[in-house]
Amino acid sequence: MFETIDYQKDAEGIVTLTIDLKDRSMNVLTPQFVSELSQAIEQVAADDAVKGAIITSGKDSFVAGADLKGLDALFVAVKDDVAEAFDKVRSFSLILRRMETCGKPFAAAINGTALGGGLEIALACHYRVAADNPKAVLGLPEVQVGLLPGAGGTQRLPRLIGLEASLPLMLQGKHVAPAKAAELGIVHKCVPAGEEVAAARAWLTASPDAEQPWDKKGFKVPGGAGAMHPKAVQTFMVGTAMLAKEARHNYPAPISIMASVFEGTIVPMDTALKIEARYFTKLLLDPVSHNMVRTLFVNKQKADKLAYRSADVPRLEVRKLGILGAGMMGAGIAYVSAMAGQQVVLLDTDQAAAEKGKGYSEGLLKKVVERGKMAQSKAADILARIHPTVSYDELEGCDLVIEAVFENREIKADVTAKAESQLGEQAIFASNTSTLPISGLAQASRRPERFIGLHFFSPVDKMPLVEVIVGEKTSEATIAQALDYVAAIRKTPIVVNDSRGFYTSRVFGTYTNEGAAMLAEGVNPALIENAAKFAGMPVGPLAVTDEVTLDLAWKVAVQTRKDMGEKYEPSVGEPVIRKFVEELDRKGKRFGKGFYDYPADAPKHLWPGLAEVYPHAEKQPDADEVAQRLLYIQALETARCLEEGVISRAEDGDIGSIFGWGFPPYTGGTLSFIDTIGIRKFVKECERLARRHGKRFRPSKWLKDRAKRGEPFHASGAKS
Ligand code: NAD
């Protein structure tokens, strides 16, 4: 009868609706499912023999939420016809409203994860029982894609558990375990897994009353609501101030959630749902949610699933991994690889250093166990997979070796040769170098076609990205199989062609460079740092230079000059770096002083002496101009990387920028940022910036031609 829902009526008149989307690993809200759910509800409502209905799922999880790929169509539709989009947005909300007011009781038997629209279905049921399934989580994560829970979530959750408890769940998009959901009152009961359907049935049999609390006369939001309720007023006052501080007005969704809850909880449910749908439509019209959905979900998922991996190459399962160098990076790589089930040989120059590298995993695992997230025995198994050593013999049989020794060509060449002497013909050798071109390092290899770069970010256990660097001679098979390894350790790969600074370091360098350039121009450093943070960068350019150290920035500059000879063109920020390292001996955070001071007993602060070295210019730029320079220069450099073939796809540029160095997620990444501005306007602004601040802002002919054609980087969501 239905394809997505199994409809079963038993002799007692209880209907069980089992959601099971056949071609999906998880149930998601597709148009077909929504339509069939509506029909099933009408069938329940119309059948006098039906006493009530249970909604459950035929999969491990309940319903995982919206089909984000499907949302893309909505983003495009909304641009053409707002009224139609509003109706579309409302349709699912109205179906759920019909369910809760049709006169028959509905009970949700939440057997697994219920997120977003999935939890909203459950919230619209008259009764909710969740299975105590250790893998299950319940939540409304829409804010993470720049949206709000648009099918009644912003109205039902506060009416169930109060404003104070519901707002953080929606504003942060955090999920909770079933037992916690019961404790908070999101579900009525949490029962042992497997008993949820029986519990729902027992409730239905005993409860022919199908009215939601909020539809009963005299209903009040628990804890109070509205502009006259002292506690509610306080929640909104403090809440909006905190949002402004955190989101800095770059993210419209949290404010819309707040407004929807504030306005909706003082009116009856039907009006409340209309208010919610208006705010949802407004968010759909804003480019932020489209940008976030495109990059953080649709394209990231594609990258995670290796959508562009060559299909002809056999999949590589890395069973045994060698790591050369057990320092900060090697130790982190050992941890994520052992977590993925790989045997790890962790090699350093002396045994104590290798053991110390293993100790890093021990420390992390201890914390995971203490937090109750892993059994001690499992942690012990993971740790036992890491074998610290000084002996190259132990590398025998490795499918992949990653070197993370000092950033020095000779040392890297030496360890490459030593390791390769132990490896089979098919093993891959990867370098985690951050600055040395891969094709050059591959010269030390007997088999440069099996040589590749795997550029991790620090700290490895937290940072989600790996740049896969393709050298001149790296083979297709090596790329594909290196991607298999990255997927196995659950990181997101982007494929980058060998070039100085690869992709992420190269573009990130333009950000720090612009900060240093402004400092030298006499722009107030506090203005530089704050404008960057207000624009959504996680750390100001001066603070982040201190963190990676001015010393490293200077060493890279010196090395690059040496490598490039006459072709070398120093960046505008380079004299600042040189002055700080060579003259002022302020080399960065690790050295205790840089652009900032780091007192032991107080928070860091900008070094007061900065104003003497670079006196403030009389006329300061406005904060928007500072922010524009800082964001534009990164976007422009990304476009250059695409032009030069350093990256091959716009989506890699976007993903790398957000997950690699923290370009603001609301933009959707550096190239989505250009699309949002409109490529023509972007190019025009770059030309203006070039006239004012120098040729580094000059757009290339390639970009100008692209702008003339009005050709965006992404097919949808762009202004021309
Ligand atoms: P680190 O100094 O913490 O660790 C290097 C380790 O290599 C040390 O334990 C050292 O004893 C060992 N080592 C040195 N020579 C060796 C040899 N001949 N044989 C075996 N072991 C040897 O450095 P790190 O920060 O872990 O960086 C390692 C590599 O990763 C460098 O190439 C660096 O550029 C790159 N990298 C670093 C970062 C970062 O943020 N630190 C990020 C990406 C890439």
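Order of listing sets the numbers, starting from 1, for every ligand and every atom in it.
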Subject >> Option passing side-chain hydrogen bond (donor to acceptor under 3.5 Å, both in side chains) with D654 (candidates H714, K300, R294, R649) >> reply: H714
Subject >> Any N or O of V405 closer than 3.5 Å to N or O of ligand 1 >> reply: yes
**OP:** Report, in ascending order of atom number, the atoms of ligand 1 lying under 4.0 Å from any heavy atom of N432.
**Re:** 30 (O), 35 (C), 36 (N), 44 (C)
Subject >> Which residue and heavy atom of the protein sit nearest atom 2 (O) of ligand 1, plus the separation >> reply: F406 CE2, 3.4 Å
Original post:
Ring centres of F663 and F673 under 6.0 Å apart?
Top reply: yes
Original post:
Between Y598 and Y596, how do the two ring planes meet: parallel, tilted or perpendicular, split at 30° and 60°?
Top reply: tilted
**OP:** Report, in ascending order of atom number, the atoms of ligand 1 lying under 4.0 Å from any heavy atom of K412.
**Re:** 31 (C), 32 (O)
Original post:
D348: heavy atom below 4.0 Å from ligand 1, yes or no?
Top reply: yes
Original post:
With a 4.5 Å heavy-atom cut-off, do W661 and Q634 have their side chains touching?
Top reply: yes
Original post:
Looking at side-chain heavy atoms only, is the closest gap between H455 and N432 below 4.5 Å?
Top reply: yes
**OP:** Report yes if some N/O of G330 lies less than 3.5 Å from some N/O of ligand 1; otherwise report no.
**Re:** no
**OP:** Tell me which protein heavy atom sits closest to atom 37 (C) of ligand 1, plus the residue, atom name and distance to 0.1 Å.
**Re:** M329 CG, 3.4 Å
Original post:
Looking at atom 23 (O) of ligand 1, is any protein heavy atom nearer than 4.0 Å to it?
Top reply: no
**OP:** May I ask you to identify the nearest protein heavy atom to atom 40 (O) of ligand 1, giving residue, atom name and distance to one decimal place in Å?
**Re:** S458 CB, 3.3 Å
Original post:
Contact between V415 and ligand 1, counting heavy atoms under 4.0 Å?
Top reply: yes
Original post:
How are the rings of W702 and F713 set to each other: parallel, tilted or perpendicular (split at 30° and 60°)?
Top reply: tilted
**OP:** Apply the test side-chain contact (heavy atoms from CB on, under 4.5 Å) to residues V646 and V496: give CA-CA distance (whole Å), side-chain angles for both, the deciding distance (0.1 Å), then the verdict.
**Re:** CA-CA 6 Å; V646 173; V496 174; 3.7 Å; yes
Original post:
Taking only heavy atoms of H455, which atoms of ligand 1 are found under 4.0 Å from at least one of them?
Top reply: 43 (C), 44 (C)
**OP:** Report yes if the distance between the aromatic ring centroids of F457 and F659 is under 6.0 Å, otherwise no.
**Re:** no
Original post:
Would you call the rings of F451 and F429 parallel, tilted or perpendicular if under 30° counts as parallel and over 60° as perpendicular?
Top reply: parallel
Original post:
Among protein heavy atoms, which sits nearest to atom 17 (C) of ligand 1, and what does the distance come to when rounded to 0.1 Å?
Top reply: T349 CG2, 3.5 Å
**OP:** Using a 4.0 Å heavy-atom cut-off, say whether S434 meets ligand 1 through its side chain, its backbone, both or neither.
**Re:** both
Subject >> Ionic contact status for R319 with E317, cut-off 4.0 Å >> reply: yes
Original post:
Among all protein non-hydrogen atoms, which one is nearest to atom 32 (O) of ligand 1, and what is the separation to 0.1 Å?
Top reply: E407 OE1, 2.5 Å
**OP:** May I ask you to say whether E425 pairs ionically with R446, meaning some side-chain N is under 4.0 Å from a carboxylate O?
**Re:** yes
Original post:
Side chains of R450 and Q426: closer than 4.5 Å at any heavy-atom pair?
Top reply: yes
Original post:
What protein heavy atom sits nearest atom 41 (N) of ligand 1, and how far away is it?
Top reply: M328 CE, 3.1 Å
Subject >> Atom indices of ligand 1, in the order listed, that fall short of 4.0 Å to a heavy atom of G327 >> reply: 3 (O), 4 (O), 6 (C), 9 (O), 26 (O)
Original post:
Going by the atom numbers of ligand 1, which of them fall below 4.0 Å from some non-hydrogen atom of F456?
Top reply: 42 (C), 43 (C)
**OP:** Show which atoms of ligand 1 fall inside a sub-4.0 Å distance from at least one heavy-atom site of I411.
**Re:** 15 (N), 18 (N)
Original post:
Atoms of ligand 1 less than 4.0 Å from A404 heavy atoms?
Top reply: 5 (C), 6 (C), 7 (O), 28 (C), 29 (C)
